[in-house]
**Q** 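Handing you this structure, nothing more for now.
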Amino acid sequence: MTAPGLSFVHHFEPATDPTERPLLLLHGTGGNETDLLPLGRAIAPGAALLSPRGKVLENGMPRFFRRLSEGVFDENDVLRRALELSDFVAEARERYNIASPIALGYSNGANIAAALLLLRPRILSGAVLLRAMPPLASPPEADLAQKPILMLSGILDPIASAQRAQHLASTLKRAGAAVEVQEIEAGHQLTPADIAIARRWLASLKATL
Ligand code: MLT
């Protein structure tokens, strides 16, 4: 369902298994609100899926914040867009009556999810960050007390290098999050291993949330 009236164009799919936490799906550059639906269904069957479309256009390609060049972000825009997205999540929770979601973000979507965690730590109940890198050079002190976060980075990724992912992981850990990082034999594109690992991780989390 693509519902009018909320502040982002989005797709919402209600849960068919009410014991599953909702997922907030955040696509990569050039994606849209339908992109990650198959991934969400594969890793959390039955979960509610909330999937907004990024509002920034780069040569016609939707993103969640502006960048100055590949891997160099417009940090003022990151700040502004993360707060805007956080307001959308709050609106959507009320509209659809859902619990605070776990973000499932890929690439640019993983980076805005990381910004949400650092800037509005209470808006997400956890996150799966696929090919993420630090969205802010000097993020504010956040309190992520034991928030569960899975990061999957590709050892051959030329965009979000495993080293940049480790840097983000350290920031999130310092803020108190329970971060698991796995480096997989992959580049920037997702692989079946991403799906298998994320699915297992979410299933093991279900018992604890
Ligand atoms: C970004 O946020 O710019 C990414 O990590 C890279 C991309 O989206 O292509």
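If you're wondering where the values come from, they're calculated on a predicted model, not measured in any experiment. Remember, it's 1-based here, ligands and their atoms both numbered in the order they're listed.
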**Q** How close does the nearest protein non-hydrogen atom get to atom 5 (O) of ligand 1, and which residue and atom is it?
**A**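 Nearest neighbour among protein heavy atoms for atom 5 (O) of ligand 1, to 0.1 Å: Asn111 ND2, 2.7 Å.
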
**Q** Any donor-acceptor pair under 3.5 Å linking the side-chain atoms of His188 with those of Ser107?
**A**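 The answer is yes; a qualifying pair exists.
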
**Q** Counting each atom of ligand 1 from 1 as listed, which ones have a heavy atom of Met133 under 4.0 Å away?
**A** 5 (O)

**Q** To the nearest 0.5 Å, how far apart are CG in Asp77 and NZ in Lys55?
**A**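 Rounded to the nearest 0.5 Å, the CG-NZ separation comes out at 11.5 Å.
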
**Q** With a cut-off of 4.0 Å, which atoms of ligand 1 are near a heavy atom of Glu70?
**A**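 That gives atoms 6 (C), 9 (O) of ligand 1.
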
**Q** Please determine if Arg66 and Asp74 form a salt bridge, counting it only when a charged side-chain N lies under 4.0 Å from a carboxylate O.
**A** yes

**Q** Which residue owns the protein heavy atom closest to atom 3 (O) of ligand 1, what's the atom, and how far is it?
**A** Arg63 NH1, 2.9 Å

**Q** Out of all atoms in ligand 1, which are within 4.0 Å of some heavy atom of Phe65? Include the element for each.
**A**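 Those qualifying, in numeric order: 2 (O).
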
**Q** Just to confirm my output: which protein heavy-atom neighbour is closest to atom 9 (O) of ligand 1, and how far is it?
**A** Arg67 NH1, 3.2 Å

**Q** In terms of the angle between their ring planes, are Phe8 and Phe64 parallel, tilted or perpendicular, with boundaries placed at 30° and 60°?
**A**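 Plane angle under 30°, so parallel.
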
**Q** With respect to Ser107, determine whether any N or O atom, backbone or side chain, lies less than 3.5 Å from an N or O atom of ligand 1.
**A** yes

**Q** Determine whether the side chains of Ser7 and Glu91 contain a donor N or O and an acceptor N or O closer than 3.5 Å.
**A**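 There is such a pair between these side chains.
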
**Q** Which atoms of ligand 1 sit under 4.0 Å from any heavy atom of Ile159?
**A**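 Near Ile159, meaning under 4.0 Å from one of its heavy atoms, ligand 1 has 6 (C).
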
**Q** Indicate yes or no: does Asp194 engage Arg131 in a salt bridge with an N to O separation below 4.0 Å.
**A**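 A salt bridge links Asp194 with Arg131.
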
**Q** Is the charged tip of Arg63 near the ring of Phe65: under 6.0 Å from the six-membered ring centre and within 45° of its axis?
**A** yes

**Q** Can Phe64 be said to touch ligand 1, with heavy atoms closer than 4.0 Å?
**A**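 No; Phe64 lies far enough from ligand 1 that no heavy-atom distance drops under 4.0 Å.
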
**Q** Starting from atom 8 (O) of ligand 1, what is the nearest protein heavy atom, named by residue and atom, and what distance separates them?
**A** Thr29 OG1, 2.5 Å

